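One structure follows; several queries about it will come next.
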Number of protein chains: 2
Amino acid sequence: MGRRASRRVSIKDIARKAGVSHSTVSRALRGSPLVNPRTAERIRRLAARMGYVPNAAARSLVTTRTSIIGLVITTLADPFLAEIVRGVEEVALEAGYRLFLATSNADPEREMAAVRALAESRVEGVIVASSRVGDLYLPHLEALGVPIVLINNQREEPFIYSVASDSRQGAVEAVSYLVRLGHTRIAYIAGPPTARSNRERLAGYQEAMAQAGLSVDPAWIVEGNGRPEGGEWGIRRLLEVPRRPTAVFCYNDMTAIGALRAARAAGLCVPEDLSIIGFDDILFAAYTEPPLTTVAQPKYEMGRTAMSVLLRLLQGERTPAHLRLPCRLVERASCGPPLESAVPIAPHLLAERRLP
Amino acid sequence: MGRRASRRVSIKDIARKAGVSHSTVSRALRGSPLVNPRTAERIRRLAARMGYVPNAAARSLVTTRTSIIGLVITTLADPFLAEIVRGVEEVALEAGYRLFLATSNADPEREMAAVRALAESRVEGVIVASSRVGDLYLPHLEALGVPIVLINNQREEPFIYSVASDSRQGAVEAVSYLVRLGHTRIAYIAGPPTARSNRERLAGYQEAMAQAGLSVDPAWIVEGNGRPEGGEWGIRRLLEVPRRPTAVFCYNDMTAIGALRAARAAGLCVPEDLSIIGFDDILFAAYTEPPLTTVAQPKYEMGRTAMSVLLRLLQGERTPAHLRLPCRLVERASCGPPLESAVPIAPHLLAERRLP
DNA sequence: CTGAAAGCGCTAACAA
DNA sequence: TTGTTAGCGCTTTCAG
C-alpha cells in the first residue's frame, strides 16, 4: 500500500527498527537456519511492511553471482523465435535467473555493443537463439568466459554446447509421409546451401527416398533461398522437368508459401495436382490456402532444454554437448494422394474437374 | 588476446600496474577532465591491454543508477511485437540503457515474479508492449515507483504515459481508399468489442462513411474476434445481408485472412467480387492470396518513440502523456473497384469471367 | 592534477 | 543464536 519510491529501505533500516544487527536481518531474509525462528518471522514481517526489496546489485557485488543470463537473438522478427524464448524464460525464471536481451539485427556494431553490455553486467551464461550468428560475434561471446548454449545454430561449432531439432529425422518424416500417400516422384526445393539445416533436410530426403526404394532424379532437387521467392523459382523449374514430380518437400514454410503461390499461378490445384509440404510450422502455416501440411520443430522444448543445459553447466555438472530433439509431422491439407494419371491435367481442364 | 576469465581485473589492478591510485584510474576511464591527458591515455591503453571490463553492479551500487529498462511483454508470439522491440532497443542502446525482458504469458504468478525481478534489479523505467496487460499487473508495476510507458495499450489509462498508433485515422484511411475505388456499400468486421482499438477503428469507419456521404446499413457491422474465425463468421453473415456490401474493412489482418478464406469458400473472387482490407500489416499480409491490402501501424516508430518518452521522463523533462502516431495505407491486391453489376456474379460463372 | 578515505547494500567469516 | 568486522568494485568528496 504505502510503498513509496523515495530512498529505498535497506536491511539496515529494518535492523534499526527491529533492534537487531543488519546481519541478522540478512540471515532472516534469506531463510538461514542461524536465526531464532521467532525473530526471523518478526523480521520478515517487518520487511514486508516496510516494503523492502533486496538490491540485486549489492548482492551480486559480494557474491560475484548475478543470476543473469544473456539472451542473444539476431532478430525478434523471426516468428520462429517466440516459442523458443518462452521455453528459455520459463526454465530461467524457475531457477531464479533473469534474462538480459541482446538483439543485434546482424549489425556488427550492434553486436559489439551487445557483447559489451553482457560483459559489463556480468552475465553468468549466454543462450544464442539465432539461426545465423555473425562470424565475429561468437568469438567475442566466448571471450566472456561463461558457458554458451546455441539453439539451432546453422554452422557446426564442435567446441560448444548446442540444442537443435533433428532436421534430418524431420525430413525423413515428411518424405516418407508423401511416400505413404503413394507418391513416387518427390522433389526437394532447397534452402540456403550453406545452412546446416538445409544439408540435413536434403540428407533426410535422400535417405527416405532410398529407404522407399525410390530413385531420385537430380532434376528434382532445385535451389531455393528459404524465402517465398525461392519456392516460386523452385516450382517454375520443377514444372519443366520431364518426369514431373507429384509432390514437393520444401526446405521451410516460407518456401512452401512461395511454392503454393507459384503452383496456383501455374493453374495447378494443391493437393490434387501437386502435394506440397513445408517445414517449421510457423504460425501462418495454418492459414495458407490450402492449410499447409508441415513438420513442426519442438521450439518450446528446445528453449527449455537449452536453458536446462546451461543450468547444468553453471552448476559444474557434465552434460551432453549436442542435443537433438525430434520433429513432428503436422497434417493439414496441402498433401494428398497423387492423381492416377501419370501427367498432371492441363490447366484449362481444371475447372471441369471441380464439378463432381 | 590473452583475455582469460579467471578473476576479472579491477581498477585496483590497473592502478597498481600504472603506479597511480584507483581513483585516478576511475577518472581516466570515464574521461574525466581532472586527469592529465597523457596519464589518462596511458591508463586507458593499459586497461584495454589487461582486458578490463567495468562491473555494472559495483558502479550502480554507488551511483544508484542501473541503466536498465524493464521491457514487459505478454508474449513474444505476437508477430506484431518484434518491430516494436527493435525500435525500443535501438533507442535504449543509443542512450546507454540495457533491456531486461519480462514476459508474462498472461499468467498472474509469472507476472508477479516478473515484477519482483524488475524491482530487485532496480530498473529505472518500464516499457509495457503488450496489447493487454493484466488488471493486476499495472498497479504492481506502478508500485515500482519508476516511469512507465505503455505501447498500444487497449484500456485507457489516463494517469499514465502511452504511445499508440492512430487507429481511427488508419480506419479512415482504409475506408476512404475503398470509397475512392468506387465502393458505396462497405462493411466492417469488428474485433474484440472491449478493445480500444476496435472502438477507434469502428469510429474511423463511421467517420469516413459519413464524410463520403454514405449511409451505413447496421447489418454491415458484424462481430468478429480478431482471429481468422472471426473473419469467417463475418463474411458468412455479410453474405446474407440484403444490400450486400462490395467491400469489407477488417479489424485486423488475422480477421482479413479468415475473411479471404470464407470468401473463397463461398466462391467469390477477391477483389473482383469483394474487396477486403486489413489492418496491421503483419509479415504474412504480403503472402496471402491475393496479397492483402492493409493499413500499417508504425511499429518501429512506436518503439522508438516510447523509449524516447521514457528517456525524457528519466531526465525529469516534461513530455506529452499520450502520443498518437499515424498509420499508413499499404496497397496490395485484395482491393479493387466494385463490379458494375449490382449483384455479385454467381459462383458457377466465375471461371468464364477469368478468360479475356 | 592526484591521492586518501568514505561508503553504496549486501554477505560472510569470525567472535562472542 | 547474534553482533562485529571486513570487503565486493566502484564513485565521489575532501585535502593536498
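Lettering follows sequence order; numbering is per chain, from 1. In this text the structure is predicted, and so the values were computed from the model without any measurement.
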Using nucleotides 9-12 of chain C, report all nitrogen or oxygen pairs with the protein that are shorter than 3.5 Å.
residue : atom : partner  : partner atom : Å
dG9(C)  : N2   : Ala58(A) : O            : 3.2
dC10(C) : OP1  : Tyr52(A) : OH           : 2.5
dC10(C) : OP1  : Asn55(A) : N            : 3.4
dC10(C) : OP2  : Ile11(A) : N            : 2.7
dT11(C) : OP1  : Arg30(A) : NE           : 3.4
dT11(C) : OP1  : Arg59(A) : NE           : 3.0
dT11(C) : OP2  : Ser26(A) : OG           : 2.6
dT11(C) : O4   : His22(A) : NE2          : 3.0

Leading and trailing nucleotides of DNA chain D with any atom under 4.0 Å from heavy atoms of chain A: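 Contact span on the strand: dT1(D) to dG9(D).
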
Whether Ser32(A) side chain and Ala28(A) backbone form a donor-acceptor pair below 3.5 Å: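 Absent.
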
Arg122(B) side chain vs Pro54(A) backbone, donor-acceptor pair below 3.5 Å: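 The answer is yes, because a donor-acceptor pair under 3.5 Å joins these two groups.
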
Donor-acceptor under 3.5 Å (Asn153(A) side chain, Leu150(A) main chain):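 No, the answer is negative, given that no donor and acceptor are paired below the 3.5 Å cut-off.
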
Flag, side chain of Arg27(A) to backbone of Val35(A), donor-acceptor distance under 3.5 Å: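 Looks like no, no N/O pair under 3.5 Å.
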
Thr305(A) side chain to Glu301(A) backbone, donor-acceptor under 3.5 Å: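 Yes, because the side chain of Thr305(A) sits within donor-acceptor range (under 3.5 Å) of the backbone of Glu301(A).
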
Salt bridge Arg86(A)-Glu83(A), side-chain N to carboxylate O under 4.0 Å: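 The answer is yes: the pair qualifies as a salt bridge.
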
Close residues, residues 35-44 of chain B, relative to DNA chain D [heavy-atom separation under 4.0 Å]: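 The answer is none.
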
Under 3.5 Å: donor-acceptor pair, side chain of Ser162(B), backbone of Ile151(B):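 Side chain of Ser162(B) to backbone of Ile151(B): no pair is present.
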
Under 3.5 Å donor-acceptor, Thr319(B) side chain and Arg312(B) backbone: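 Not a single qualifying donor-acceptor pair exists.
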
Side-chain donor-acceptor pairs of residues 89-100 of chain A under 3.5 Å, sequence neighbours excluded:
residue  : atom : partner   : partner atom : Å
Glu89(A) : OE1  : Thr103(B) : OG1          : 2.1
Glu89(A) : OE1  : Arg110(B) : NH2          : 3.0
Glu89(A) : OE2  : Thr103(B) : N            : 3.1
Glu89(A) : OE2  : Thr103(B) : OG1          : 3.4
Glu90(A) : OE1  : Arg110(B) : NH1          : 3.4
Glu90(A) : OE2  : Tyr300(A) : OH           : 2.5
Glu90(A) : OE2  : Arg304(A) : NH1          : 3.0
Tyr97(A) : OH   : Arg65(A)  : NH2          : 3.1
Tyr97(A) : OH   : Glu124(A) : OE1          : 3.4
Arg98(A) : NH2  : Glu120(B) : OE1          : 2.8

Ser121(A) (side chain) donor-acceptor with Val123(A) (main chain) under 3.5 angstrom: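 It does not hold such a pair.
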
Distance below 4.0 Å between Ser21(B) side-chain N/O and dA4(C) OP1 or OP2: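 Indeed not, no polar side-chain atom of Ser21(B) lies that close.
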
With sequence neighbours excluded, residues passing salt bridge (charged side-chain N to carboxylate O under 4.0 Å, His left out) with Arg30(B):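 Partners of Arg30(B) by the salt bridge (charged side-chain N to carboxylate O under 4.0 Å, His left out) criterion come out as none, since no residue qualifies.
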
Least distance between heavy atoms, Ile14(B) atom then Leu46(B) atom: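 Ile14(B) and Leu46(B) have their closest heavy atoms at O-CD2, 3.9 Å.
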
End-to-end axis angle, where each axis spans five pairs of the helix from dC1(C)-dG16(D) to dA16(C)-dT1(D), to 10°: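 So the angle between the two local helix axes works out to 40°.
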
